[in-house]
Every structure is written in C-alpha cells, then in structure tokens.
Amino acid sequence: MVYVIRPIMKEDNKQVASIIRKVMPEFGASGPGFAIHDKEVDDIFSYYHHTRAAYFVCDRKSTIVGGGGVAPLEGGDPRICELKKMYFLPSDRGKGLGQRVLDECLQAARKIGFEYCYLETFNTMKSAMKLYEKNGFKRIPGPLGNTGHFACDIFYKKAL
C-alpha cells in the first residue's frame, strides 16, 4: 500500500475532522478538555494555513488515514510550537506512518524557526508515547501555555 505524506488541502478538512472524532473516543479522550472539542477541528486547513504552522496528512489513494501538525503554543513562549492533532485510523497504525508524519512536523517546526516542540497526550495513548520518547521527547511535570486541554495528563518537550 502506498501512502503519501503531504501538506493538508482545504478539501481534506472533512476527512481529518472525521478521523479526530473517531480516534479520540477510542482512547477515552472525548470529554471536556480534549482536542476533539477545539474550534479548528472542522477547518484544520485554515487553522494551519499560515506562516508559523503546518499540518500534514497521510493519503492512501485519495483517502486520508491520519495526520498531524505543528503550530505556536497558545499562551506560551513564542519559541515553542505544539505538536497537535496527530491521529491515525486503526487500520493504518503500525505501518510507520506516525514516524513519517512526526518527521515532517519536526522538520517544518525547525524551518519555521521554533526552538522547542511541546505536546500533550493522555495516559491511554501508549503507542504514541513510545513514538515520542523514541524521538527524543522528554516528559515534563506539567502543562505549558494555555491550550485548554485540561484533561490531558502527560506532557512532553523536545529541543529542536
């Protein structure tokens, strides 16, 4: 199966929103304080379509199976970006796609000029945590910025 990692296009919005709304509840992350309720979920393209952000999708024959992005950390140090909205459909996990999207995100963050990458996750997302740790993210004791994701309980930061 051939997967293409590419920047998001406006016509991808509906598929990306559907993935986020399908995957997050799978991990018990659907209540208040989770990214599933963020205003940008329905228009990811517009939210990430500016000079200090990037979002990449994983495309399999014109079907989006996952994605992830980076954007400035809301309410935080301007040198820090946040890795955001990185989710994949169950059928396409375990194929190295998370690594490929993460690589694109970190490369974009460096190119934009960020010095650090921060992320928030939830204790049920074990595979994601392994990926982050394998890529040099270090756990930190608490949240940074003002993301509104008060239900997240695990936090990471990485120097770029």
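Bear in mind the structure is a predicted one, so any value in this text is a computation, not a measurement. Index from 1, following the sequence.
Of all heavy-atom pairs between Ser46 and Asp43, the closest is OG-OD2, 2.8 Å. Nearest heavy atoms, Asn123 versus Met129: O-CE, 3.5 Å. Considering every non-hydrogen atom in both Pro72 and His50, the closest pair reads CD-CE1, 4.1 Å.
With salt bridges taken as basic N to acidic carboxylate O contacts below 4.0 Å, one links Glu40 and Lys84.
If you check the side chains of Asp77 and Tyr116, you find no donor sitting under 3.5 Å from an acceptor. When only modelled atom types and interatomic distance are considered, Asp103 and Gln107 share no side-chain donor-acceptor pair under 3.5 Å. A side-chain donor from one of Thr147 and Glu120 sits under 3.5 Å from a side-chain acceptor of the other.
In this structure, the separation between SG on Cys117 and CG on Leu83 is 5.0 Å, given to the nearest 0.5 Å. How far CG of Leu97 is from CG of Leu89: 10.0 Å, rounded to the nearest 0.5 Å. Atom CD1 in Ile8 sits 10.5 Å away from atom CZ in Phe56 (nearest 0.5 Å). Residue Ser127 holds its OG atom at 10.5 Å from OH of Tyr132, rounded to the nearest 0.5 Å. Here the OG1 atom belonging to Thr63 is positioned 9.5 Å from the CD1 atom belonging to Ile19, to the nearest 0.5 angstrom. Note that CG of Leu73 is 5.5 Å distant from CD of Glu82, once rounded to the nearest 0.5 Å.
A cation-pi arrangement is absent between Lys157 and Tyr118 under the rule of less than 6.0 angstrom and at most 45 degrees off the ring axis.
No chain of hydrophobic side-chain contacts below 4.5 Å, direct or via other Ile, Leu, Val, Met, Phe, Trp or Tyr residues, connects Val70 to Leu144. Under the 4.5 Å side-chain heavy-atom criterion for ILVMFWY residues, no single connected hydrophobic cluster contains both Tyr47 and Ile80.
In terms of the side chain to side chain donor-acceptor pair (under 3.5 Å) criterion, residue partners of Arg21 (sequence neighbours excluded) are, by chain and number, Asp42.
Each of Val101, Val57, Val65 was compared with Tyr3 under the side chain to side chain contact (heavy atoms under 4.5 Å, CB included) criterion, and only Val65 meets it.
At least one donor-acceptor pair under 3.5 Å links the side chain of Arg52 to the backbone N or O of Pro78. Asn13 places a side-chain N or O within donor-acceptor distance of the main-chain N or O of Ile44, the cut-off being under 3.5 Å. Remark: side-chain polar atoms of Arg139 are not paired, donor with acceptor, to backbone N or O of Phe155 under 3.5 angstrom. Side chain of Tyr55 to main chain of Lys85: a donor-acceptor pair is present (N/O by atom type, distance under 3.5 Å, no hydrogens or angles). A donor-acceptor pair under 3.5 Å is absent between the side-chain atoms of Asp59 and the main chain of Val4, judged by distance alone. Remark: side-chain polar atoms of Asn135 are paired, donor with acceptor, to backbone N or O of Leu131 under 3.5 angstrom. Within the 3.5 Å criterion, the main-chain N or O of Glu11 finds no donor-acceptor partner in the side chain of Lys14. Side-chain atoms of Arg93 come within 3.5 Å of backbone atoms of Phe88 as a donor-acceptor pair (strictly under, hydrogens ignored).
Aromatic ring pairs are classed by plane angle as parallel below 30°, tilted from 30° to 60° and perpendicular above 60°; the pair His49 and Phe45 is parallel.
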Subject >> Criterion side-chain contact (heavy atoms from CB on, under 4.5 Å) on Phe122 and Ile154, from CA distance to verdict >> reply: CA-CA 6 Å; Phe122 193 51; Ile154 297 179; over 6 Å; no
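Side-chain contact between Lys95 and Cys58 is absent, with no heavy-atom pair separated by less than 4.5 Å. With contacts defined as side-chain heavy-atom distances shorter than 4.5 Å, the pair Leu102/Met86 qualifies. Using a 4.5 Å cut-off on side-chain heavy atoms (C-beta onward), Leu106 and Leu160 make contact. A 4.5 Å side-chain heavy-atom check between Arg110 and Glu115 finds every atom pair outside the cut-off. Using a 4.5 Å cut-off on side-chain heavy atoms (C-beta onward), Arg6 and Asp12 make contact. The shortest side-chain heavy-atom distance between Leu119 and Phe137 falls under the 4.5 Å cut-off.
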